[in-house]
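See structure below.
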4 protein chains.
Amino acid sequence: MPRTPEQFEALREKSQQKILRAALECFANNGFHTTSMNTIAKQAGISVGLIYNYFESKNALLQAIILDGCTQISGMFEMPEDTTNPYEKMRVLLDAYFTSLRENIEFWKLYSRLLVQPDVMQALQETLATVFAEIFSWLEAYFQAIDAEDPQSEAKVLGAIFDGIGLHYMLDPEHYPLDAVKQLLLQKYAQPLHSGETS
Amino acid sequence: MPRTPEQFEALREKSQQKILRAALECFANNGFHTTSMNTIAKQAGISVGLIYNYFESKNALLQAIILDGCTQISGMFEMPEDTTNPYEKMRVLLDAYFTSLRENIEFWKLYSRLLVQPDVMQALQETLATVFAEIFSWLEAYFQAIDAEDPQSEAKVLGAIFDGIGLHYMLDPEHYPLDAVKQLLLQKYAQPLHSGETS
Amino acid sequence: MPRTPEQFEALREKSQQKILRAALECFANNGFHTTSMNTIAKQAGISVGLIYNYFESKNALLQAIILDGCTQISGMFEMPEDTTNPYEKMRVLLDAYFTSLRENIEFWKLYSRLLVQPDVMQALQETLATVFAEIFSWLEAYFQAIDAEDPQSEAKVLGAIFDGIGLHYMLDPEHYPLDAVKQLLLQKYAQPLHSGETS
Amino acid sequence: MPRTPEQFEALREKSQQKILRAALECFANNGFHTTSMNTIAKQAGISVGLIYNYFESKNALLQAIILDGCTQISGMFEMPEDTTNPYEKMRVLLDAYFTSLRENIEFWKLYSRLLVQPDVMQALQETLATVFAEIFSWLEAYFQAIDAEDPQSEAKVLGAIFDGIGLHYMLDPEHYPLDAVKQLLLQKYAQPLHSGETS
DNA sequence: CATGAATGAGCATTCATTCAT
DNA sequence: CATGAATGAATGCTCATTCAT
């Protein structure tokens, strides 16, 4: 009784997801170079050979993971249609970011780690450069919208804050005061400065 | 006629420096795992074996480099004796930091990279944890001195800014607006807020 | 269509045996330190890497060989159930020993060689100490059974004879008068002394 | 004030002896391959380079040690002029052997170890073969003198006893019953058998 | 004569990748 | 589709030996 093409597809999808999840966990926790294909296979509960049925190489596997993650990051910048107020937008972004930090810590670990591994980066540079550009242009637009004096630099600083917090949070998730920091950022960036000045 | 102990010492010092410099450059640009001892030797213009006359292992070599760098980082927080005003102190710190970023870009590359490689970190964790703690306590003291509402979170955010900027700068030093960003930070952190508002 | 577990098991068994045999031959003829893993692989007709699928390290490989051999040595002291007469037992032992010397000359070479390599011995000491103790207690029991004056010393001397002969035989197997020596030992140790003197 | 040639010679002799002693100790305790030239130099309190002023190579150093030892072994077989009785000769030999075992344990360790290291042996084979031949012919002469039935085999067995005891003693010098074993051998080999038979 | 820094070939070990079944 | 045994190039590290002083 041969399987239908749909069943095949579903099986493939399932195996691929298992591999991606296993690889993400291993890379994030032990580093890319330190993780062997055998380790990933064991973690995924499959054989080494099978990985090569789905991914051309260890590097290709890594790229697939990153691509997944970039989609997610980009998603954070998508706003509900009716959100037009810049402060409101920033609130949505900060919410999304801090939620993601907590929920996808594995990915953020990996992301931070890869960001800075030049050998790994070569292949990803293009992909990441695009995402980076998108993010910074979004941030600049925000600072222009609220009439900041130097929107570009403000965007750089806020971008640095995002990556810096991600990095520090991931170094010691247990003790990082994620909520307090979020509050501070909401206060700094998601509300008009000197709100009561004119009264 | 054997060399005098002083001559030997000079030779040793010279070789060690050659090795440290070569290793920093290689690690920073190509990553720790991707750099082989042979590569370092070639870069330093010496033989592989010689490296092991000065450093017990590849890891020990890395640690020596990091230790060097930590001393440098700590140095940034040492103020001239007569600097008591917190804003003045912050100005000195920001100056030191941005100068160091520009002058020791190799080290900052390496630093950012290592910060996030769990396998490499094991051995360095203690060393780095100490430096981190020092830095954050310095920053907290600053925010307490200027009567910030939530000094801890402010310190976290400013710490994130430092590491985030370092990371972004090093990803593309040519195009990063280092000066503009520095000016913005001076404005944000090194002068009283709303100082002249009421006048 | 993957192989069945039984097929894999058979493959593994075969490779492992190939490795053990090749390693024994190399170690025995060229010494432990002088034999490289590459040499063993070449001798076994496989790749270096494969050895590490079966043995954790060069030392582990050596230990596996020794363990095999110790089982064999111990076997020499196992007597047929109906052998109760001590002289008869000694005859069986001498037979077993000289047969083994001839048939497993490779192992005896290795054994003699390792016995005296302190650096290699560290790991094997426990294993070998046990075997040694067993042998000497067997020999002492024999000398007690035939009412020797100083069973312990007699055991030491006979033990020395075994190892000494092994060592000399293996230095020049072609010319060693193994049979004549065996006859002499049978005469010395496997028959009552002066049995017919008084007749 | 230049030194006289005699003084030079004395200095050379002294250094050479220091090296030989240090090397013997290291080789004996840690094995030939495991001992590095640096270790020997440190043990001798001199520099590596100096060793090469006196010995062509590590192997040459080893050979020199062995040659020294062989002279010593040969010496054990030299009898006082007036010793003509074979039993008396055997007594002298056994005395010499057991005394040497105790006093030159380092050398015997090394000797036993080298005897069985084929790679090391290559170079020494000739030297050692000569010594071996001498010893066995001495022993055979003894057994001929006392009218043994199979002098050659008796010589092989006694030779085996010597090397076997040496080997076992050196494996655990603390607990080996050297004296009792010596007594037993004196009884077995250094006095007429059945001394009272004819009475 | 004496020193020890410097060399580089050689070794054990790892691991991404292949492939017969 | 799936398996895991097999490959072999690459890497960290050691150590006998050389040589400038």
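None of these values were measured; they are calculated from a predicted model. Letters A, B, ... are given to chains in the order of the sequence lines, protein chains preceding strands, and every chain is numbered from 1. Values below: all heavy atoms of this structure, side chains included; hydrogens, waters and symmetry mates excluded.
Looking at D/T34, its side chain does come within 3.5 Å of a backbone N or O of D/N30 through a donor-acceptor pair. B/Q7 contributes a side-chain N or O that, together with a main-chain N or O of B/T4, makes up a donor-acceptor pair within less than 3.5 Å. Under the 3.5 Å distance criterion, the side-chain polar atoms of C/T35 are matched with a main-chain donor or acceptor of C/G31.
Contact annotation: D/S36 does not reach the phosphate of F/dT14 (side-chain N/O to OP1 or OP2, under 4.0 Å). Using a 4.0 Å cut-off, some side-chain N or O of A/R12 falls inside it from OP1 or OP2 of F/dC1.
Residues satisfying the side chain to side chain donor-acceptor pair (under 3.5 Å) test with A/Q16, not counting sequence neighbours, are none.
The nearest whole Å value for the distance from the CZ atom in C/F8 to the P atom in E/dC19 is 16 Å. Taking atom CD1 of residue D/I40 and atom P of nucleotide F/dA16, one finds them 8 Å apart after rounding to whole Å.
Residue B/M37 places its side chain closer to F/dC13 than to any other of F/dC13, F/dA5, F/dA16.
Of the two residues near DNA chain F, C/E9 and B/K58, the one whose nearest nucleotide lies more 5' is C/E9. Of the two residues near DNA chain E, B/N38 and D/S15, the one whose nearest nucleotide lies more 5' is D/S15.
Nucleic acid contact class of A/S57 (heavy atoms, under 4.0 Å, all strands): sugar-phosphate only. Contacts of B/T39 with the nucleic acid, taken as non-hydrogen atoms under 4.0 Å apart, are absent.
Within residues 46-54 of chain B, the residues having any heavy atom closer than 4.0 Å to DNA chain F are, in order of number, B/G49, B/Y52.
Figure legend. F/dT21 is base-paired to E/dA2; pairs are counted as Watson-Crick or G-U wobble with both atom distances under 3.5 Å. When both distances must be under 3.5 Å, the Watson-Crick or G-U wobble mate of F/dT14 is E/dA9.
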